[in-house]
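Provided herewith is a single structure, encoded as C-alpha cells, for subsequent inquiry.
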Amino acid sequence: MFRGKGFYASALCFLLFLIGLVGVIGDEQKKFYIIYLGDHPVDKDHATQTHNHLLSSVKGSENDVKESMVHSYHYSLNAFAAKLSEDEAQKLASMDQVLSVIPNQYHKLHTTRSWDFVGLPQIAKRKLKTERDIVVGLIDSGITPQSKSFKDDGFGPPPKKWKGSCGHFANFSGCNNKLIGAKYFKLDRLPDPADILSPVDVSGHGTHTSSTAAGNVVPNASLYGLANGTARGAVPSARVAMYKVCWVSSGCSDMDILAAFDAAAYDGVDVISISIGGVSTNYTTGSISIGAFHAMKKGIITVASAGNDGPSLLSVSNHAPWILTVAASGIDRDFRSRVHLGNGRNISGHGISAFNPGKELYPLISGADAARNASTKEDAMYCSEGSLDPAKVKGRLVYCKLAEAGSESVVKGIGGVGAIIESDQFLDFDVAKIFMAPGTIVNGTIGEFINKYTKSTKTPSAVIYRTRTTKKAPAPFVPLFSSRGPNPGSLHILKPDIAAPGVNILAAFTPLRSLTGLKGDTQFSEFSILSGTSMACPHIAGVAAYVKSFHPAWSPAAIKSAILTTAKPMSRRVNEDGEFAFGVGQVNPTRAVTPGLVYDMDEMSYIQFLCKEGYSGSSLPVLVGPQPINCSKIVPGLGSDALNYPTMQLSLKNKQEPTIGVFRRRVTNVGQAISIYNATIIAPKGVEITVMPMTLSFTRVLQKLSFKVVVKAQPTISMVSTGSLVWKSSRHTVRSPIVIYSPQG
Ligand SMILES: *[C@@H]1O[C@H](CO)[C@@H](O)[C@H](O)[C@H]1NC(C)=O
Ligand SMILES: *[C@@H]1O[C@H](CO)[C@@H](O)[C@H](O)[C@H]1NC(C)=O
Ligand SMILES: *[C@@H]1O[C@H](CO)[C@@H](O)[C@H](O)[C@H]1NC(C)=O
Ligand SMILES: *[C@@H]1O[C@H](CO)[C@@H](O)[C@H](O)[C@H]1NC(C)=O
Ligand SMILES: *[C@@H]1O[C@H](CO)[C@@H](O)[C@H](O)[C@H]1NC(C)=O
Ligand SMILES: *[C@@H]1O[C@H](CO)[C@@H](O)[C@H](O)[C@H]1NC(C)=O
Ligand SMILES: *[C@@H]1O[C@H](CO)[C@@H](O)[C@H](O)[C@H]1NC(C)=O
Ligand SMILES: *[C@@H]1O[C@H](CO)[C@@H](O)[C@H](O)[C@H]1NC(C)=O
Ligand SMILES: *[C@@H]1O[C@H](CO)[C@@H](O)[C@H](O)[C@H]1NC(C)=O
C-alpha cells in the first residue's frame, strides 16, 4: 500500500518528538492508556490534531492536554497514548471515534552450534545480493554496537528503501552499515537508574537475540573457551535494527512496544523478532498482536517467542495466527562438571563453572552445619543470604539446596570457595546455569550421596572441576520451560507453530553486565550462553529473513507456510506433549527456501477467522478500520477454522458422539510450473481423515488449487492425537500436522 510523502516525513518527526518531549507528568493517581482510533491512514499533523482534540474534550486546559499526551501513533495505525484518570479514560472510551481504551501494561523478556544442528551450515547456498538488502528489526532490550557481531567490514551502505535512523546516545557509539538503526522508547519517562536512556543494551538480552538472528560470522567465539566455535546469525549479510523497549527495572510496556512496531514498519524492516511476553489472549487488545497485525499489512512478518511458562498446558503466549510463534528446543550439547570427593568417588554436576581449581581438594561443609546460629539453620540449608557463619564457610565448599539463584555467590561473598547445589527440579537440568564462583547443580539422588558422605567422615572434602561440554541425547527435545499449547486464544489454531534451538545458546553479549549479574561476579565475556524461547525466536526470525532473501515478494503468510511445512517432525516419545510442545517440529532452514507449495493468506483471511471466532464486528476496526466489519457478510461457506493455515487443529465438542471437522485449504504452486502432488494421510487411532481431491495437478507457477480435509474423530480418543497430511511431488514434501484435541481427554 502506498502512503503519501507526508507520512514518511511525519514519522521522522516522531523520533524528534520523542527526544523533544518535555515536561514531566507528575500526577500519581493517573495511569497510562492507549486510545485506539482505528486504522485509516492519517498524516502526522492531522493525527496530532485529532488526538489533541479528543484529549481536550476530557481535559480542562491546553496545558493539561500537553501534559497528558504521551505519544501519537500514526504510521501503521491511528492511536495515541496518554496519562489519564480512570474517569477520563471511561469518557474517552464512550466517544464515537474511539474504538477502545486499553490500560498500558508491562511485560517481561522471555529469557554456535545451534545452526549446524538444525542444518544451516556456514557454506549454505545464499542469495547474497538480496540478503544484503534484508533488514531484521528486533524489539528488545537494546544492543552492543561495538560487538564483533555487528561490525560492518565489507558492508555497503544501507538498502535504498531504508528510512531508519540512529543517533548518538549516551554510552552508544552509533550505528554503521551493519547495525543500520537503533532507537529507544521509554514513553512513561519514569527514571530507571539501573538502565541507560539510550539504545545500548545493559542486560545482554537484545545483543544476544540480534546476533542470533543476523550477527556476523565471528570465528573462535566462546564463553571462556566453552561452546567454542564460530558464532553467526542465520543471515550474516543482512542488516540489523534495534528498537529498545525493555528496561531493567520496569520491563517492556505496551506503549513502547506499539511505538516500536510503528517505527519499524516506517523504517522499512523486513522481519520483526520480538522475544517479549504477551499476556492478552484477546487478539484485538494485546499490543504485540495489534502491532504485528499492522506490520503484516505492510508485508512484515513478526516472529515471537512462545514463552517460558511450560510445561503446563495452555501456557503459550503470542499466539495470534498472524504471528509465527516459536517454542524452544534443546540441542545435543550439555555442560557438566566433574566433582571429585575426598573418598575418591566422582560425580557429575550440571551448569557452567569456568573456574580451574587451585587445589586438589577443599574442605566441604553442609550448609545446615554452617548455620550462623540455631534459628538460621533452616535458611542455611539453602545457603540463603545472612544465614551462614563466615568462620565456618571460609576456605570451604558448601553443599546446599537450591533456593533463588546464587548460592555460590552467597558462599563466595563471605569467604567460601563455592557451592555444590542440590535441586529436585528437573527444570534446572534443561538449562545450564552460569556460576559466578565454583559451583554445580546435582540431582536429589546424588545430593543424598553427598549428604551421606559429609556425615561419614570428620574431614569431608571435594573439588569442582571446570565445566566441559558433553553430548546430550536424545535431541532435539523440548525443555520443560518452553510454553505449551493448546492455544488459549483459539481452539482452532495450533500453537506454538514451530521449535528452534533455545537451550544453552552462545551468542554476543554486553560488556555492561557480568555473566550472572550477581554481586561480586567479575566474569565478563563478549559471548555468553543464555536459554529461553527468547533465544529460539531469533533463530526463526533469521530463517524468515533467509527465506525472504530468496523470495523478496512473498507475503508474511507464505514465508511462514514455507518454514512450517518443511520442518522436521519431532519425536512424540521424547516429547510427550507432542505438537503442543513443538508445533510442526524442528525448523529446517535450507528446505524452507523451496517448499513447493505455500498456504497463503491476506489480511481479510484473518478478519474472517476473527468473525468466526466470535469477535464482534465493532472490535475489529482496531485491526482493519475505520468502518466496523459486518461479520455476517464475510463468513459464508468456510471450513471449521476459516483460515488457510498450514496446520490443522480440531477440538472435540463432546464425549458422546464423533466430532467432524472440515478444513478448506488452498495451496499456491511456488515450485516447477508442471507438478503433480499426491496426498498421503496418516490418521491416528479413532480418527478418520479424508482429502478431496487426492491429487493436485499444477500447470503453472503461482497457480492456486483448493482441497478439502474432513476429519472424523471418535469421542474416545486421548487428549492429543496427531495425524498428518503430506502433499508429495517428485521434488517436494509439504507436511501439515493435523492435531485432534480432546479438552476433557
Ligand atoms: C555511560 O556514560 C557516562 C558518561 O560518558 C559514564 O559516566 C558512565 O560510566 C557510562 N556508563 C556505563 C555503564 O558505561
Ligand atoms: C581463540 O580464543 C581463545 C580464547 O579466547 C584464545 O586463547 C585463542 O588464541 C584464540 N584462537 C585464535 C586462533 O584466535
Ligand atoms: C574448541 O576448542 C577445543 C580445545 O581448544 C578444540 O579442540 C576444538 O577443536 C575447538 N572447537 C571448535 C569448533 O573450534
Ligand atoms: C575419578 O576421575 C579421575 C579422573 O578422570 C580418575 O583418575 C579416577 O580414577 C576416578 N575415580 C573413580 C573412583 O572412578
Ligand atoms: C541468629 O542470627 C541472625 C542473623 O545474624 C540474627 O538476626 C538472630 O538474632 C540470631 N538469633 C539468635 C537466637 O542468636
Ligand atoms: C542423577 O544424576 C545422575 C548423574 O547425572 C544420573 O545417573 C541419575 O540417573 C540421576 N538421577 C535421577 C533421579 O535423575
Ligand atoms: C476482545 O476485546 C474487545 C474489546 O474489549 C471486545 O469487544 C471483544 O468482544 C473481545 N473479544 C473476545 C473474543 O473476547
Ligand atoms: C450485515 O449483513 C447482513 C447480511 O448481508 C445484513 O442483513 C445486515 O443488515 C448487515 N448488518 C449491518 C449492521 O449492516
Ligand atoms: C501420484 O499418484 C499417481 C496415481 O496413483 C502415480 O501415478 C504417481 O506416480 C504419483 N506421484 C507421486 C509423486 O507419488
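All ligand and atom numbering here is 1-based and tracks the order in the structure.
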Could you tell me whether ligand 6 has any atom less than 4.0 Å away from a heavy atom of His350?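 No; His350 lies far enough from ligand 6 that no heavy-atom distance drops under 4.0 Å.
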
Number the atoms of ligand 6 from 1 as they appear, then name those within less than 4.0 Å of a heavy atom of Ile446, with their elements.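 Near Ile446, the atoms of ligand 6 are 2 (O), 3 (C), 4 (C).
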
Flag for Asn346-Tyr465: side-chain donor and acceptor within less than 3.5 Å: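 Note: Tyr465 and Asn346 side chains miss the donor-acceptor criterion.
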
Check whether any side-chain heavy atom of Tyr362 sits under 4.5 Å from a side-chain heavy atom of Val463, and report yes or no.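 Contact flag for Tyr362/Val463 side chains = yes.
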
Please state which protein non-hydrogen atom is closest to atom 6 (C) of ligand 9 and give its distance, to 0.1 Å?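 Result: Asn678 ND2, 4.1 Å.
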
For atom 4 (C) of ligand 9, decide whether some protein heavy-atom distance is shorter than 4.0 Å.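 Answer no: nothing from the protein, no heavy atom, is under 4.0 Å.
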
Closer than 4.0 Å: a protein non-hydrogen atom to atom 11 (N) of ligand 9: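 Protein heavy atoms within 4.0 Å of atom 11 (N) of ligand 9 - there is at least one.
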
For Leu361 against Leu341, the heavy-atom pair lying closest together: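 Scanning both residues completely, I find the closest heavy atoms to be CD2-C, 4.3 Å.
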
Short side-chain donor-acceptor distance under 3.5 Å, Ser337 and Thr467: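 Yes, side-chain donor-acceptor contact under 3.5 Å.
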
Part of Glu448 within contact of ligand 6 (heavy atoms, under 4.0 Å):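 The answer is neither.
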
If we ignore angles and hydrogens, is there a donor and acceptor under 3.5 Å between the side chains of Thr668 and Asp600?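 No pair is found: no donor N or O on one side chain lies under 3.5 Å from an acceptor on the other.
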
Within the 4.0 Å heavy-atom shell around Arg372, which atoms of ligand 5 are there?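 Going through ligand 5 atom by atom, the ones under 4.0 Å from Arg372 are 2 (O), 4 (C), 5 (O).
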
Heavy-atom closest pair, residues Leu494 and Asp497: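 Heavy-atom minimum between the residues: O-OD1, 3.7 Å.
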
For Ser375, atoms of ligand 5 separated by under 4.0 Å from a heavy atom: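 In order of number, 1 (C), 11 (N).
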
Show the atoms of ligand 6 that are less than 4.0 angstrom away from any heavy atom in Thr445.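 Those atoms are 11 (N), 12 (C), 13 (C).
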
Counting neighbours of NZ on Lys519 that are heavy atoms of other residues, nucleotides or ligands and sit closer than 6.0 Å, is the number greater than 12?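 No, NZ of Lys519 has 12 or fewer neighbouring heavy atoms, counting only those of other groups under 6.0 Å.
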
Minimum non-hydrogen distance to atom 8 (C) of ligand 5, winning option of Asn373, Asp389, Thr376: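 Answer by nearest heavy atom: Asn373.
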
Would you say atom 14 (O) of ligand 9 touches the protein, meaning some protein heavy atom is under 4.0 Å from it?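 Within 4.0 Å: yes, protein heavy atom nearby.
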
At their closest point, which heavy atom of Arg484 faces which heavy atom of Pro479, and how far apart are they?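 Shortest heavy-atom contact: NH1-O, 2.9 Å.
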
Within the structure, does Asn443 bring an N/O atom to less than 3.5 angstrom of an N/O atom in ligand 6?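 Yes.
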
